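Everything below concerns the one structure shown next.
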Amino acid sequence: MNKWQASFTRCWAMIVKEMWAVLRDPRARLILVVPPILQLVLFASAATLEVTNVDIGILDHDNGPAAREFIQQLAGARNIHALVPLASEDDLAHAIDRRRVLCAIVLGPQFSRDAAAHRTATALAICDGRRSNSAQIMGGYLAQIATNTGAALRGLPPDAPGNGGTITRHMFNPNLDFLHFVLPALVATVASISALSVSGQSVARERELGSFDQLMVAPLRLPEILIGKMTPPLLVGLFNATLYLVVITQLFGVPLTGSVFAYYFATLFYLTANIGIGITLSSVAQTQQQAFLGVFLVTVPMSLLSGFSAPVDNMPHWLQIVALADPQMYMVDVMEGLFLKAMPFAAVLANVWPLMAISAVTLTVATLLFRSRME
Amino acid sequence: MSTPISPRRLRAMIVKESLQILRDPSTILIAFVLPIVLLLIFGYALNLDTGRTRIGLAQQDGGEAAASLALAYRNSRWFTVVESGAVPALKDDLVAGTLRGIIVIPQDFSRQAIAGKGTIEAITDGSVPNNAAFVATYAEGVRREWALDRAAERGHQPPPPIDLELRNWFNPGSISRHFLVPGAIAIVMTIIGSLLTALVVAREWERGTMEAIMATPLLMGELIATKVLPYYVLGLGAMTVCTVVSLVLFQVPFQGSALALFAIASCYLFCALGQGLMISALARNQFVASQIALLTAFLPSLLLSGFIYEISSAPLWVQMVTRIVPARYLIPSLQTVFLAGDDWGLFLPNMAVMLLFGAGFFAITVRATKRRVA
């Protein structure tokens, strides 16, 4: 047997041992597959920044024709679930305080008279600032309805161009379906959680169980051990990525417009970047508990800085620089690109090379730390 | 068992558990450093107040009106025009993600504008729906304002038929941080209460020290109390640290009373600790416990609690699922105590639900523990 064959045999033995360590417990096997799918389905349905189905309060001091027209337009609006008639200012305050309505519209006694006299009729929308984001989005809808009502009162068609207008075309996702945005992003989030969880335990578990010493005296070279440690999270990650690809395209009907090769190419380097972080944390940790909390401490920032929950452009400048080190930020862009935008390979590569660089750095750090632990 | 609860025994055990926490520096790190780090990240990274969006400008018309409108976009506080050129090149940048939208001022625009018309086109990156909607709204907003200004210059500006004045109670500046930071405190309490407890107690099961304790004359109730109390104190400590950071660093107003905050936090911690103990008693393995805690406590608190995403917008079955997420009952109360003030009519029903959940979790823990040991 030559040198390389021997090395390959040892490496293989290490991989088999590591795979067993991860997959031996039937509950752990279940944990590796079921939650990622659950997360995908549940969170894809929940994570929407749209505001629909809200209740709006109406305090009508006017009761005139213009007010009736406005209320009718509100009642017909797509995003409004119900109109709650309010009797008084106190009633209004109570409805907002107790979160019965997101916004309440106050129509003053002059409303219809002003509208009839072609003066500007003023209405007041009071919104719950504890949910200011939703309130703001709702405010936009309400303003639109007010404009349409005004046009109707003057006998104009709903969105009369008047003096020009804007024709909007939403590319890649014409109906702005939130699901089409969330699902690709979740591939990045969930794959990272599972790769980090598995690789984060790898070294810490050995140390806690005392088998780290055995590993040190085993006739294995450092790269062989590391390849063995990297394989299970990589395989679990690739397995999950395949599962997502099937679920997203078949179950949710969001097509992969980019190439399958690019999907796996990006996923591979995304996983190695995460595994490097996981093994680094695992080498630093004294116990599994510390390793898990370490993993947790990086997972949350990684996901928040990825641009999935809030755009990176909105963050302060120093945080945007921190985000450059976040593999998830590149992966979210690639996934959105591959699923929705038919992203060409060159554009994918522009996001994958930072992943390669992050992988190189984190895996080097992991190796150095692991070596220092061995000595 | 008929032995009464012994205060001496209880005290000894609480001292033991507390020492155990204090001896491990990582626990202190988790209880005080991690919350601050998380709060900073939530406070700074999670900004839903859109700033400037990067757009491209395709000006196909050389006339005066087109140039003046292009200038209006360049000067707009909503957009940064990073590129101008032909549409196909700009579309490539839309694919690459360097632009979020393209404004097209078509040929013939200037001539049409003189006639009081003139239509432009906004092409957005629909892969980020929120941003796309923003670009569409504000592209038209800038255009309309420009058109109105020009009409006013020429002296005929019809007043709008209806003017809707928006007012935000509790958060007049409509600053998203003001409601996100109280939500982040809820997440921190979930981490200490459920995640940390699940992990620590699962380790005791894994190592067999739990059985050793159960062999002592300690009662089940005492055992649970001694496990819970130190983490309750830790959770309250973390909550206090977070509150101070929110008030001092993020300038979030605090309209309610400390008593209300303390009462709400206590009810939630009771529930979160119960959930953590239950997970550890059912899993008895650190890896499994950590993953279950992540999946059933942390992620739902983040995504299904109304913290970021409005619950009423989700499909009905998801709305049903949110009813069993304890944080869903905490977040409205926390946001209220910070931004609106004490409203016990809102707090008490929510607190009752949290206590009820907690009682259920503890009952399951007791059952699971008894059965496994017997």
Side-chain angles (χ1 to χ4, degrees), chain A residues 27 31 35 43 45-54 97-98 120-127 129-130 132-134 136 139 143 146 149-150 153-154 163-173 176 178 181 201 288-290 292-293 301 304-305 310 314-315 319 333 336 340-341 343 347, chain B residues 26 30 34 41 44-48 51 95-97 116-124 126-130 132 136 139-140 143 147 159-171 174 176 179 199 203 286-288 290-291 295 303-304 309-310 312-315 318 335 339 343 346:
Chain A
R27 283 180 309 171
I31 285 283
F43 301 141
S45 315
T48 171
L49 286 172
E50 281 175 312
V51 180
T52 53
N53 261 326
V54 294
D97 283 349
R98 294 287 152 83
T120 299
T122 308
L124 182 63
I126 295 173
C127 294
R130 287 168 295 182
S132 67
N133 193 56
S134 308
Q136 229 168 354
T149 310
L153 288 173
R154 301 269 161 95
N163 43 4
T166 303
I167 299 166
T168 304
R169 203 145 45 92
H170 300 299
M171 284 181 77
F172 320 126
N173 181 9
L176 293 190
F178 222 80
F181 158 69
Q201 298 304 311
Q288 281 191 73
Q289 186 189 327
Q290 287 178 6
F292 172 76
L293 288 162
L304 286 175
L305 291 178
N314 288 1
M315 295 169 196
L319 208 56
D333 274 357
E336 300 290 354
L340 305 176
K341 300 183 187 175
M343 193 181 248
Chain B
S26 70
I30 289 150
L34 182 130
I41 285 179
Y44 284 119
L46 212 58
N47 183 359
L48 298 174
V95 172
K117 292 184 186 123
T119 307
I120 59 158
E121 196 181 353
I123 304 171
T124 73
S127 71
V128 189
N130 233 26
E140 166 61 9
R143 192 209 61 78
I162 295 184
D163 180 38
L164 188 72
E165 192 188 320
L166 283 178
R167 206 176 288 168
N168 268 314
W169 278 5
F170 316 129
N171 185 4
S174 202
S176 63
F179 70 91
L199 218 57
R203 178 164 67 168
Q286 286 186 70
F287 180 67
V288 175
S290 70
Q291 296 301 303
L295 188 72
L303 298 168
L304 301 177
Y309 306 111
E310 196 64 36
S312 66
S313 302
V318 175
Q335 288 173 343
L339 301 180
D343 183 348
L346 179 80

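None of these values were measured; they are calculated from a predicted model. Letters go in sequence order (proteins before strands), and every chain restarts at 1.
Between chain B and the options A:Gln289, A:Arg130, A:Gln201, the largest number of non-hydrogen pairs under 4.5 Å is found for A:Arg130. Comparing B:Pro315, B:Ala132, B:Ala96, B:Ser290 by how many heavy-atom pairs each has under 4.5 Å with chain A, the most go to B:Ser290. In terms of heavy-atom pairs under 4.5 angstrom with chain A, the leader among B:Leu339, B:Val288, B:Asp343 is B:Asp343. Among the candidates B:Thr124, B:Asn130, B:Val95, the residue making the largest number of heavy-atom pairs closer than 4.5 Å to chain A is B:Thr124. Between chain B and the residues A:Thr149, A:Asp333, A:Leu124, A:Thr168, the most heavy-atom pairs under 4.5 angstrom are made by A:Leu124. Of the listed residues B:Ala314, B:Ala139, B:Ala122, the one with more heavy-atom pairs under 4.5 angstrom with chain A than any other is B:Ala122. Most heavy-atom pairs under 4.5 Å with chain A: of the set B:Leu34, B:Leu346, B:Ile162, this distinction falls to B:Ile162. Options B:Leu295, B:Ile41, B:Ile120, B:Leu303 differ in how many heavy-atom pairs under 4.5 Å they form with chain A, and the most are formed by B:Ile120. Contact count versus chain B (heavy atoms, under 4.5 Å) is highest, among A:Ile167, A:Leu319, A:Leu340, for A:Ile167.
For A:Ser134 against B:Glu310, the heavy-atom pair with the smallest separation is OG-OE1, 2.7 Å. Nearest heavy atoms, B:Pro129 versus A:Phe181: CD-CB, 3.2 Å. Closest heavy-atom contact between B:Ser127 and A:Lys341: OG-CE, 3.1 Å.
A heavy-atom distance below 4.5 Å is not found between the side chains of A:Leu305 and B:Tyr44. Counting only heavy atoms from C-beta outward, the side chains of B:Leu166 and A:Gln136 never approach each other to under 4.5 Å. Considering only heavy atoms from C-beta on, B:Ser313 comes within 4.5 Å of A:Thr52 through its side chain. For the pair B:Arg203/B:Leu199, no side-chain contact is recorded, criterion being any heavy-atom separation below 4.5 Å from C-beta on.
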Report the C-alpha separation of B:Val128 and A:Glu336 in whole Å, then their side-chain angles, then the decisive distance to 0.1 Å, and conclude whether the side-chain contact (heavy atoms from CB on, under 4.5 Å) test is met. CA-CA 8 Å; B:Val128 189; A:Glu336 300 290 354; 5.6 Å; no

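For B:Leu304, the part sitting under 4.5 Å from any heavy atom of chain A is the side chain, from C-beta outward, and nothing else. With a 4.5 angstrom heavy-atom cutoff, A:Phe178 touches chain B via backbone and side-chain atoms both. Residue contact with chain A, scored on non-hydrogen atoms closer than 4.5 Å, involves the backbone and the side chain of B:Ile123 alike. A:Leu176 touches chain B through backbone and side chain together, each having a heavy atom under 4.5 Å away. Contacts between A:Leu304 and chain B at a heavy-atom distance below 4.5 Å involve backbone atoms as well as side-chain atoms. Contacts between A:Gln288 and chain B at a heavy-atom distance below 4.5 Å involve backbone atoms as well as side-chain atoms. For a residue to count as touching a neighbouring chain, one of its non-hydrogen atoms must lie under 4.5 Å from one of that chain's; by this rule A:Gln290 touches chain B with the side chain only.
Scored by the side chain to side chain donor-acceptor pair (under 3.5 Å) test, B:Asn168 finds B:Ser174 as partners (sequence neighbours excluded).
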